[in-house]
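Down below is the structure, laid out as structure tokens.
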Amino acid sequence: MTDFKKIISHAKEYGFVFPSSEIYDGLSAVYDYAQNGVALKKNIRDYWWKSMVQLHHNIVGIDASIFMHPTTWKASGHVDAFNDPMIDNKDSKKRYRADVLVEDYCAKIENKIDKEIAKAAKRFGDDFNQEEFTKTNPRVVGYQEKINQTLKRLGQSLEKEDLADVKNLIEELEIACPESGSRNWTEVKQFNLMFGTKLGASVDSAMDLYLRPETAQGIFVNFLNVQKTGRMKIPFGIAQTGKAFRNEIVARQFIFRMREFEQMEMQFFIPPGTQKEWYEQWKETRLKWHLSLGMGEENYRFHDHEKLAHYADAAADIEFKFPFGYKELEGIHSRTDFDLSSHEEFSGKKLQYFDHERNENYVPYVVETSVGLDRMFLAVFSWALREETLEDGSSRTVLKLPAILAPTKIAILPLVKKDGLPEVGKKLMEDLKWDYEVSYDEKDAVGRRYRRQDALGTPYCITIDHQTIEDQTVTIRDRNTMKQERMLIKELGGFLHEKLNFKNWLKKIQ
Ligand code: GAP
């Protein structure tokens, strides 16, 4: 995988992601999506939306407001419990998330495991059996045990709210401040992550509001509205994509952890007692969705939570192998009836469902799937970016985005800017633009134009040359293999449809 700094600079250089308000030196952990980034992000969002809403007859979408009545956040538990444990280093005056310091410590041990595996793979060549090696090599087993024990203790201490033990753990592991190198730590304290703001003009009557820290609550408060107006029968789901805001203490790693970000969430309403079954089903469905993009099964794993959020009776992350190690990409949570019951209590309004089959009224249970759109963007972008050495010894930078997500699907390149070739190219662009995002480029030598499209992740380049004028054929170049095929213009539609239609990608998850 490409070096992380290279990923960030490529994202900027090729118009994917810019630091926010950069002319004022940016704003920490806030980013803007540029012309190509916004298209990639939209394609990821659409891919999620279609898989959820279009492919499930019993899932519908909504778009709730970012501002919500402040009691929402009291009822949801966010006012009291949406905290991160933080610790300050007295020398550098830097603030850290205590759990992240411990997790980073474990990630370093994991790197050591990776190095042992790489060394052994080199030594044993084709005979190497990674699974057996990781189970039997004493050093690797020791490292793995250390990771397991450490994360278990962290989880248990956080679960019990035993912040003193979290500090003890940091001290026992001899974790030093990355900035000052010292181990001079304060106590661990809780810090609420919600951003506050005010609604109303006058100072006296202004109402305190929060920017929503998750989109899910907009779904819960609309549960009955949707159920009634959509005549939905349980089990059914409500899907939503939108912005969420968190005052993250550790805001780093580019768009991995942002203060303003976008979530794609789905709440699935089910009868009480069926949550275990649905939880397992949604874990599987969501993993398949990720795998349908073809980014390698080996890059995903489940991580079951030791410490459960205040609303959950089971929770797991789908982790992805980012350039800085396996990290959470998506959460699947069995949220019980916590949210709906709590909103009933705080609002005094019933949020119940009459189940004709069971002949009873109940507050539905909920299984939630929640994936960060920006985090998904980073997963796709970092996986796709490659430096390749070619057969002739030269190198190319290529963004091997899953074709269905690529911001531009087709680039049309007339070989020269004369002899009627641009006219044919422009006509082709006019024809294809109804179905695909198409770009047109006639500047520079064609080799340079191919490189430019490789770096932007465009899966297909269509070149118009003099033969085109004679026999109505073009060459179509595949970004990944760099192979070129000659094809009649009239055959292009069928070829592109085969490669770029949602069904062929999404049906892998059926
Ligand atoms: N409604 C449940 C919920 O919000 P979460 O695990 O806190 O659960 C869900 O967040 C997903 O949102 C995460 O798996 C991650 O992809 C994304 N996410 C959370 N905080 C984020 C942040 N600060 N920056 C970017 N993405 C974030």
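Fair warning: this is a prediction, and the values are worked out from it, not measured in the lab. First listed ligand is number 1; within each ligand, the first listed atom is number 1. When a residue number appears, it is its place in the shown sequence, counting from 1.
Of all the heavy atoms of Thr215, none lies under 4.0 Å from any atom of ligand 1, so neither backbone nor side chain is involved. Using a 4.0 Å cut-off between heavy atoms, Arg335 contacts ligand 1 through its side chain alone, with no backbone atom that close. For Arg257, heavy-atom contacts with ligand 1 shorter than 4.0 Å involve the backbone as well as the side chain. Only the side chain of Tyr311 comes within contact range of ligand 1, with a heavy atom under 4.0 Å; no backbone atom does.
Note on ring orientation: taking the six-membered ring where Trp is involved, the planes of Tyr353 and Tyr362 are tilted (angle from 30° to 60°). Ring pair Phe223/Phe269 is tilted by interplanar angle, where 30° to 60° counts as tilted. Ring orientation note: the planes of His305 and His303 are tilted relative to one another, at an angle of 30° to 60°. Using the six-membered ring where Trp is involved, Trp289 and Tyr47 have ring planes that are tilted, between 30° and 60° apart. Taking the six-membered ring where tryptophan is involved, the planes of Phe324 and Phe256 are perpendicular, since the angle between them exceeds 60° and thus also 30°. Between Tyr31 and Phe254, the ring planes are perpendicular. Angles over 60° get that label, and only those under 30° would be called parallel.
For ligand 1, the atoms closer than 4.0 angstrom to any heavy atom of Glu248 are 20 (N), 22 (C), 23 (N). Heavy-atom proximity to Phe256, at under 4.0 Å, picks out these atoms of ligand 1: 24 (N), 25 (C), 26 (N). Of all the atoms in ligand 1, the ones that sit under 4.0 Å from a non-hydrogen atom of Gly331 are 14 (O). Close approach of ligand 1 to Glu330 is summarised as follows: ligand atoms under 4.0 Å from at least one heavy atom of the residue are 14 (O).
Residue, atom and distance of the protein heavy atom nearest to atom 12 (O) of ligand 1 are Gln263 NE2, 3.4 Å. Atom 14 (O) of ligand 1 has Glu328 OE2, 2.5 Å as its closest protein atom, hydrogens excluded (heavy atom only). Protein heavy atom at the shortest distance from atom 3 (C) of ligand 1 is Glu265 OE2, 3.6 Å. Protein heavy atom closest to atom 2 (C) of ligand 1, with residue, atom name and distance, is Glu368 OE1, 3.0 Å. With hydrogens left out, the protein atom closest to atom 17 (C) of ligand 1 is Gly372 CA, 3.6 Å, a heavy atom. Protein heavy atom closest to atom 26 (N) of ligand 1, with residue, atom name and distance, is Phe261 CD1, 3.5 Å. Scanning all protein heavy atoms for the shortest distance to atom 19 (C) of ligand 1 gives Arg246 NH1, 3.5 Å. Protein heavy atom closest to atom 8 (O) of ligand 1, with residue, atom name and distance, is His333 CE1, 3.5 Å.
With no hydrogens or angles considered, a side-chain donor-acceptor pair links Ser157 and Asp165 at under 3.5 Å. A side-chain donor-acceptor contact under 3.5 Å links Asn222 and Asn225. A donor and an acceptor atom, one from each side chain of Glu344 and Gln352, are located under 3.5 Å apart.
For Asp374, the closest heavy-atom approach to ligand 1 does not fall below 4.0 Å.
Here Trp73 and His343 keep their ring centres 6.0 angstrom or further from each other.
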